[in-house]
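Order of listing sets the numbers, starting from 1, for every ligand and every atom in it.
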Amino acid sequence: MKSIYKSSEITPEHIYLSRRKFLGMGAVFLGSSLLDACSSPSINSAIGLTPASENPGNGKILATSTMPPVKDEFGNPATEYDAITNYNNYYEFSPVHEEVAKLSTSLVTSPWQVIIGGLVQNPKTFDVDALKKKFSLQERVYRLRCVEAWSMVIPWVGFPLSELLKEIDPMTSANFVRFESIYSPNVMPGQNKKTYPWPYVEGLSLSEALHPLTILATGIYGKDLLPQNGAPLRLVVPWKYGFKSIKAITKIDLVESQPETFWTKAIPEEYGFYANVNPSVPHPRWPQTTERRIGEGNRIKTLMFNGYAQSVENLYDGMDLIEYY
Ligand SMILES: Nc1nc2c(c(=O)[nH]1)N[C@H]1C(S)=C(S)[C@@H](COP(=O)(O)O)O[C@H]1N2
Ligand SMILES: [Mo]
């Protein structure tokens, strides 16, 4: 694989010394013959998304020649497939980003069950292959902003988390959603390091979970996810730092109180629950004002809520985003 970054520019999450900050808008549905991409015009316009037909894209040719060039709503070209699948954060396998793809080939991702319960009227166990048939899959081109100050533009395939939550019918006492990743130390060498609170856990408030930008992804570039990207099912919350977008989900629980998460347990002084991308909250060592787009040369400005502010800022009305980082 060609070199897509300088490793000297990368500071892994786990050696961050201080806490981070927080962070819009702009998902694009782009058509593909495989996908039901434009089937939700009402959702598109409700949250300001551009339908594929209005955004044909004319960027450079991407790694998968069968796919059309893809751009986000700002015109940023999607990151190349080879970069998205060879530069990964997945601590269960390795903290070394370029090692993850190779180490993760032994993870068996089908069949795969997801147990959904907690404060719900209809607890259910779903098979992921069945979920993919049940919900119509859409393409969402989102920016992914890692707290390590690099970013990518990824054409995800997936469906809104809200559709799944409707099925299981949260009780009125449910305020948060807790997600858990697979625990399989025989296959995942990183899980033998007891310094981390395995399994990986993440959480969202119920209103964040129900937001139309929040999806469960099953693919990128019109293909099923590879293990390194969180196959077979991962969360994608584009206005938050990448670590909120938990991979390889096996369990989803509706809960009353804000759950502890992998990172808030591991390094509480550095990681907050909300983790919204926010360039104005400086990190003591690593300012979050700029980021490096993988595969591109210059640093670019980091946008409030990763550019999705118009769509999500009302979720945080009256909330101090410095206190609730
Ligand atoms: N289970 C699990 N999910 C995870 C992680 C992880 O280590 N384990 N890393 C997170 C981080 S820090 C980022 S930036 C994104 C990276 O996703 P990608 O490798 O598909 O680009 O996944 C997130 N989800
Ligand atoms: Mo990250």
- [ ] Mark up the atoms of ligand 1 that fall under 4.0 Å of a heavy atom belonging to N229, in ascending order.
- [x] 18 (P), 20 (O)
TODO: List every atom of ligand 1 that sits less than 4.0 Å from any heavy atom of S181, numbering the atoms from 1 in the order shown and giving each element.
DONE: 1 (N)
- [ ] Using a strict 4.0 Å cut-off to heavy atoms of L144, name the atoms of ligand 1 that fall inside it.
- [x] 21 (O)
Open item on the list: So that I can tick it off, tell me whether E92 and K247 are bridged by a salt bridge, with the cut-off set at under 4.0 angstrom between side-chain N and carboxylate O.
Closed with: no
Task: N88 N/O to ligand 1 N/O under 3.5 Å - done: yes
Task: No-hydrogen, no-angle side-chain donor-acceptor test under 3.5 Å, E148 and N89 - done: yes
Open item on the list: I'd like to know if G230 contacts ligand 1, where contact means a heavy-atom distance under 4.0 Å to any ligand atom.
Closed with: no
Open item on the list: Assess, by modelled atom type and distance only, whether the side chains of Y87 and Q228 contain a donor and an acceptor separated by less than 3.5 Å.
Closed with: no
Open item on the list: If we ignore hydrogens and angles and just use 3.5 Å, is the side chain of R143 paired with the main-chain N or O of N306 as donor and acceptor?
Closed with: yes
TODO: Using a strict cut-off of 4.0 Å, indicate which atoms of ligand 1 neighbour a heavy atom of S245.
DONE: 22 (O), 23 (C), 24 (N)
- [ ] Heavy-atom contacts with E92 under 4.0 Å: which atoms of ligand 1 show up? List them by number with element.
- [x] 1 (N), 2 (C), 6 (C), 7 (O), 8 (N)
Task: ligand 1 N/O within reach of K247 N/O, cut-off under 3.5 Å - done: yes
- [ ] Report yes or no: is the cationic atom of K134 (NZ for Lys, CZ for Arg) under 6.0 Å from the centre of the six-membered ring of F126, at an angle within 45° of the ring normal?
- [x] no
- [ ] Taking only heavy atoms of C146 into account, list the atoms of ligand 1 that are under 4.0 Å away from them.
- [x] 14 (S)
Open item on the list: With heavy-atom distances below 4.0 Å as the criterion, list the atoms of ligand 1 near R234.
Closed with: 15 (C), 17 (O), 18 (P), 20 (O), 22 (O)
TODO: With heavy atoms of I246 as the reference, note each atom of ligand 1 found under 4.0 Å away.
DONE: 3 (N), 24 (N)
Open item on the list: With side chain to side chain donor-acceptor pair (under 3.5 Å) as the criterion, how do R145 and T302 come out once you've worked through the C-alpha distance, each side chain's angles and the decisive distance to 0.1 Å?
Closed with: CA-CA 9 Å; R145 172 58 160 82; T302 290; 3.0 Å; yes
Open item on the list: For atom 10 (C) of ligand 1, tell me which residue out of Y91, Y90, Y200 has the closest non-hydrogen atom.
Closed with: Y200
Task: Closest non-hydrogen atom pair, D82 against N86 - done: O-ND2, 2.7 Å
Task: Check: Y87 N/O within less than 3.5 Å of ligand 1 N/O - done: no
Open item on the list: Closer than 3.5 angstrom, by distance alone: can the side chain of K301 be matched with the main-chain N or O of E291 as a donor-acceptor pair?
Closed with: no
Open item on the list: Before you tell me yes or no, could you show the steps for S151 and R293 under side chain to side chain donor-acceptor pair (under 3.5 Å), namely the whole-Å CA-CA distance, both residues' side-chain angles and the distance that decides it to 0.1 Å?
Closed with: CA-CA 5 Å; S151 63; R293 187 62 51 82; 2.8 Å; yes
